[in-house]
Amino acid sequence: MEEKSNNLKSVSKPSNFIKEIIEEDLRTNKYNGRVHTRFPPEPNGYLHIGHAKSICLNFGLAEEYNGLCNIRFDDTNPTKEEAEYVDSIKEDIKWLGFDWGDREYYASDYFEELYEYAIKLIKKGKAYVDALSADETSKYRGTPTEPGKESPYRNRTTEENLDLFEKMRAGEYKDGELVLRAKIDMSSPNMNLRDPIMYRIRHESHHRTGNKWCIYPTYDWAHGQSDSIEGITHSICTLEFENHRPLYNWFIEELEIFHSQQIEFARFNLSYTVMSKRKLLELVEGKYVNGWDDPRMPTLSGMRRRGYTPKSIRNISEKKGVAKRDAVIDIASFEHIIREELNKSTKRVLVVLQPLKVIIDNYPDDKIDELDAINNPEDPSMGKRKLPFSKIIYIDKDDFREEPPKKFYRLAPGKEVRLRYAYIIKCEEVIKDPTTGEIIELHCSYDKNTKSGSGSSSKKVKGTIHWVSAQHSIDAEVRLYDRLFSVTNPAGDKENDFKDFINPNSLQVIHNCKLEPSLKELKTIDRFQFERLGYFCLDSVDSKPNKLVFNRIVSLRDSWAKIEKASKTH
RNA sequence: UGUCCCGUGGUGUAAUUGGCAACACGUCUGACUCUGGAUCAGAAGAGUCCAGGUUCGAACCCUGGCGGGACAACCA
């Protein structure tokens with residue numbers, strides 16, 4: 001009994017090492033009971049599913065502990081950042097369902113304050129203006145296993161440093177001529193402590209501060225102080241900043257300002273895709289995909305267009321957990337979560353992807369049956385709809401085999417299947433194109449006693465297939481997506497470029513698909529289950545009222561495909 | 001020949017902080033079914049990187065190895 005309740009507890013409230021730290025801080029009243037986090041993107045690209053993890057974590061923690069979460073754009077590098085990215089990032093965060101209230105901040109808001117901090121360090125003899133070139137600086141820095149050596153400019157007087165730094169700001173030097181560095185320890189085993197650069201000269205216009213500044217703080221100099229200024233209690237970031245933490249702490253202690261606590265967690269990898277901004281950019285620029293919002297991309301805009309729900313993404317983030325070890329999430333677990341949600345929420349509909357014409361010879365020419373169809377067997381409150389049935393229908397080519405393999409429960413010459421919500425039909429004749437041999441149409445007979453729900457026949461068949469009445473059908477284009485790459489970790493191969501592993505079948509476009517007539521009144525970007533096929537949604541970009549385009553979000557689990565695959569490999 | 005971090009079934013997490021490893025995905029059976037969907041029932045699969053040590057008892061503590069990752073942008 002006790003075990004069970006314990007179990008339930010751990011299921012409903014998963015814990016992780018970050019929560020443990022926060023709860024301990026709450027116990028010891030470290031920050032007067034405050035929990036304040038932030039999501040700090042650089043506005044230099046589109047957000048992807050990895051960022052979603054960080055967003056959910058930061059906002060989720062704030063929510064759970066009655067705290068606050070800021071959004072802060074780390075816009076310290078004007079050469080790479082643009083206002084349009086700011087907008088797309090905000091849109092993505094809102095879409096995920098998070099609200100930062102009026103706490104939308106920018107590192108550039110703190111440029112003046114940061115400048116004052118720098119002067120404070122110079123006055124303490126803890127920062128100096130260096131005139132080494134970038135190349136020289138790099139050489140002087142040493143390597144991870146060899147200590148660096150001190151710059152000849154390292155011991156300027158405070159007055160000299162102050163004067164030079166002021167002139168840097170005033171624009172008296174060219175890009176790269178001077179930098180401001182922290183004076184720490186050129187022989188530190190931690191390379192971040194080897195006199196890191198705090199300011200560099202960039203005569204460049206900034207998306208927010210315009211031409212006000214020509215010196216810009218580096219990330220290392222700006223980030224910790226920005227957190228401190230905002231009163232961030234728990235500054236959560238990814239593992240690669242672990243080695244930077246001693247530096248951030250050094251700055252904060254020298255400056256004697258509020259001490260945020262940095263906690264690092266492992267970033268998340270997804271199987272069968274790539275996640276780095278650089279690689280995603282390469283896919284876009286090389287036209288391997290159709291833009292950042294291509295539904296095959298792991299970007300939030302791509303996944304949104306693909307049809308993923310915000311809830312499913314939040315779910316993934318939560319179920320994945322938080323840890324410090326590198327992880328590769330199996331895309332299958334992703335697919336499971338989206339299916340689970342869509343199965344419950346989505347209206348079922350009959351759609352034929354690859355139409356094969358079927359003529360029911362013994363069905364009256366002009367007769368139209370109005371059949372009852374259930375909108376969602378998982379949720380009766382979603383009601384029913386009428387489905388017209390007539391003499392000429394379409395079925396999917398996949399559902400007919402001239403020579404059916406073992407365990408093929410669908411239609412074949414002389415065999416019977418049930419038409420979903422309609423009758424049992426039997427295939428009487430196969431008509432082929434005399435020249436190509438391609439199957440053009442099927443002639444079938446129907447058993448009128450087998451109408452769905454009539455209970456007037458005890459006839460049983462193994463298979464049920466979907467169909468659409470030809471004269472009532474609506475045409476549409478359907479895009480089937482598969483994994484973008486054909487290997488688990490495309491970026492993990494040292495011999496081959498990741499682009500060599502692109503799955504050539506990641507996108508299959510099918511024209512002239514046939515939809516049931518209820519799909520005529522599409523108002524929103526509703527999602528549907530095309531029965532036996534998968535979950536689909538309208539494409540937000542290309543679909544027009546007179547030219548419908550659907551994206552496949554995810555297929556249904558397909559045990560027949562498994563059987564078929566297994567028999568082929570034998 | 002440095003510093004820091006990490007190492008639990010195929011994958012991702014958990015183990016009441018020392019009491020002989022749990023959950024989810026995936027895989028495989030079977031039941032049910034007018035979606036080969038969903039659902040239900042069940043199975044296989046790790047002895048916790050290795051070796052010592054402390055202890056009545058270790059995934060958890062200690063020591064030493066091994067393996068993986070991060071760090072040498074005036075990027076973030």
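Treat the numbers as computed from the prediction; the structure is a model and nothing was measured. Order of the sequence lines sets the chain letters (A, B, ...), proteins ahead of strands, with each chain counted from 1. Just the heavy atoms: all of them, side chains too, but no hydrogens, waters or symmetry mates, feed the values below.
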Check: For U35(B), does either OP1 or OP2 sit under 4.0 Å from a side-chain N or O belonging to His466(A)?
Finding: no

Notebook entry, point to check: The side chain of Lys407(A) lies closest to which of these nucleotides: C75(B), A14(B), G36(B)?
Noted result: G36(B)

Next item on the list: State the syn/anti category of G64(B) according to its glycosidic angle, syn meaning within 90° of 0.
Entry: anti

Note to self: Does Ala323(A) reach a base, just sugar-phosphate, or nothing at all? Heavy atoms under 4.0 Å.
What the structure shows: sugar-phosphate

Check: When rounded to the nearest Å, what value does the distance between P atoms of C4(B) and C23(B) take?
Finding: 38 Å

Check: Given A38(B), is OP1 or OP2 found less than 4.0 Å from the side-chain N or O atoms of Arg557(A)?
Finding: yes

Note to self: Using whole Å, what does the distance between atom P of nucleotide U11(B) and atom OH of Tyr272(A) come to?
What the structure shows: 13 Å

Checklist line | Rounded interatomic separation in angstrom, taking CG from Leu280(A) and C1' from A76(B) | finding: 16 Å

Next item on the list: Go through the side-chain N and O atoms of Asn449(A) and Tyr423(A) and say whether any donor and acceptor fall under 3.5 Å apart.
Entry: no

Notebook entry, point to check: Taking N and O atoms by type only, does the side chain of Arg339(A) place a donor or acceptor under 3.5 Å from a partner on the base of G37(B)?
Noted result: no

Item checked: Nucleotide nearest Glu378(A) when distance is taken to its side chain, options C75(B), C74(B), G37(B) -> G37(B)

Next item on the list: For nucleotides A70(B) and G57(B), find the distance between their C1' atoms and express it as a whole number of Å.
Entry: 37 Å

Item checked: Side chain of Asn343(A) (C-beta onward), nearest among G7(B), G37(B), U11(B) -> G37(B)

Check: Which listed nucleotide (C74(B), A76(B), G7(B)) is nearest to the side chain of Arg325(A)?
Finding: G7(B)

Next item on the list: Fill in the dot-bracket string of RNA chain B, one character per base: . for unpaired, | for a pair to another strand, ( ) or [ ] for pairs within the strand, taking Watson-Crick or G-U pairs under 3.5 Å.
Entry: .((((((..((((.....[..)))).(((((.......))))).....(((((..]....))))))))))).....

Checklist line | Gap in Å between the two P atoms, one belonging to C71(B) and one to A76(B), rounded | finding: 15 Å

Notebook entry, point to check: C49(B) and C56(B): how far apart are their C1' atoms, nearest whole angstrom?
Noted result: 27 Å

Item checked: Closest-nucleotide ordering on RNA chain B, the 5'-leading residue of Val461(A) and Val322(A) -> Val322(A)

Next item on the list: Name the nucleic acid region contacted by Ala332(A), choosing base, sugar-phosphate or nothing; use a 4.0 angstrom heavy-atom cut-off, strictly under.
Entry: sugar-phosphate

Item checked: Inter-nucleotide P distance (A59(B), C50(B)), Å rounded -> 11 Å

Next item on the list: Rounded off to whole Å, could you give me the CE-to-P distance for the Met198(A) and A76(B) pair?
Entry: 14 Å

Item checked: N or O in side chain of Lys320(A) less than 4.0 angstrom from U13(B) OP1/OP2 -> yes

Check: Taking only side-chain nitrogens and oxygens of Arg202(A), does any of them come within less than 4.0 Å of OP1 or OP2 of C75(B)?
Finding: yes

Next item on the list: Have a look at Pro377(A) and say if it touches a base, only the backbone sugar-phosphate, or nothing, with a 4.0 Å heavy-atom cut-off.
Entry: base

Check: Which way is the base of A73(B) turned, syn or anti, if we draw the line at 90° from 0?
Finding: syn

Notebook entry, point to check: Salt bridge between Lys139(A) and Glu136(A), side-chain N to carboxylate O under 4.0 Å?
Noted result: no

Item checked: Phosphate OP1/OP2 of A76(B) contacted by Thr76(A) side-chain N/O (<4.0 Å) -> yes

Check: C74(B), U13(B), G37(B): which one has an atom nearest the side-chain heavy atoms of Arg200(A)?
Finding: C74(B)

Next item on the list: Can you tell me the distance, in whole Å, between the CD atom of Glu531(A) and the C1' atom of U35(B)?
Entry: 5 Å

Next item on the list: Measure the shortest side-chain to side-chain distance between Phe268(A) and Ile316(A) over non-hydrogen atoms and say whether it is less than 4.5 angstrom.
Entry: yes

Check: Rounded to the Å, how far apart are Arg420(A) CZ and G36(B) C1'?
Finding: 12 Å

Next item on the list: Under 4.0 Å between any heavy atoms, over every strand shown, what does Gly534(A) touch: base, sugar-phosphate, or nothing? Just pick one.
Entry: nothing

Next item on the list: Quick one: classify the glycosidic conformation of U17(B) as syn or anti, with syn meaning within 90° of 0.
Entry: syn

Next item on the list: Take atom CD of Glu335(A) and atom P of G26(B), then tell me their distance rounded to the nearest Å.
Entry: 9 Å

Item checked: Lys/Arg-Asp/Glu bridge criterion (N-O < 4.0 Å) met for Arg202(A), Glu81(A) -> no

Margin query: Taking only side-chain N and O atoms of Arg348(A), does any of them lie within less than 4.0 angstrom of OP1 or OP2 on U35(B)?
Written below: no

Check: Roughly how far apart, to the nearest Å, are U29(B) and U63(B) at atom C1'?
Finding: 48 Å

Check: Among side-chain atoms of Asp195(A) and Tyr128(A), is any donor-acceptor pair under 3.5 angstrom?
Finding: yes

Check: Closest to the His336(A) side chain: G36(B), C74(B), C25(B)?
Finding: C25(B)

Item checked: Basic-acidic side-chain contact under 4.0 Å: Glu282(A), Arg278(A) -> yes

Margin query: Taking any heavy-atom pair under 4.0 Å as a contact, classify Ile374(A): base, sugar-phosphate, or nothing.
Written below: nothing

Item checked: Salt-bridge criterion met for Asp398(A) and Arg410(A) (N-O under 4.0 Å) -> no

Checklist line | Annotated protein contacts, base or backbone, on nucleotides 65-72 of chain B with a non-hydrogen cut-off under 4.0 Å, one of B, S, - each | finding: ----SBBB

Margin query: Does a side-chain N or O of Lys562(A) approach OP1 or OP2 of U27(B) to a distance below 4.0 Å, or not?
Written below: yes

Checklist line | SB check Asp109(A) Arg208(A) (cutoff 4.0 Å) | finding: yes

Margin query: Any salt bridge linking Arg532(A) with Asp399(A)? Criterion: basic side-chain nitrogen under 4.0 Å from a carboxylate oxygen.
Written below: yes

Next item on the list: Measure from CG on Leu247(A) to P on C74(B) and round the result to the nearest Å.
Entry: 13 Å

Next item on the list: Tell me yes or no: between the side chains of Arg38(A) and Ser235(A), is some donor less than 3.5 Å from an acceptor?
Entry: yes

Next item on the list: Could you tell me whether Tyr535(A) contacts a base, only the sugar-phosphate backbone, or nothing, with contacts defined as non-hydrogen atoms closer than 4.0 Å?
Entry: nothing

Next item on the list: Give the rounded distance in Å between these two atoms: CG of Asp330(A) and P of C23(B).
Entry: 20 Å

Next item on the list: Please check if any side-chain donor atom of Gln262(A) sits under 3.5 Å from a side-chain acceptor atom of Glu264(A), or the reverse.
Entry: yes

Note to self: Mind checking if Thr145(A) touches a base, just sugar-phosphate, or nothing, with heavy atoms under 4.0 Å?
What the structure shows: base

Next item on the list: Answer yes or no: is there an ion pair linking Arg483(A) with Glu335(A), defined by an N-O contact shorter than 4.0 Å?
Entry: yes

Notebook entry, point to check: With rounding to whole Å, what would you report as the distance between G47(B) and A22(B) at their C1' atoms?
Noted result: 14 Å

Notebook entry, point to check: Taking the C1' atom of each, how far is G18(B) from U3(B), in whole Å?
Noted result: 31 Å

Next item on the list: Kindly say whether the aromatic ring centers of Phe389(A) and Trp467(A) come within a distance under 6.0 Å.
Entry: yes

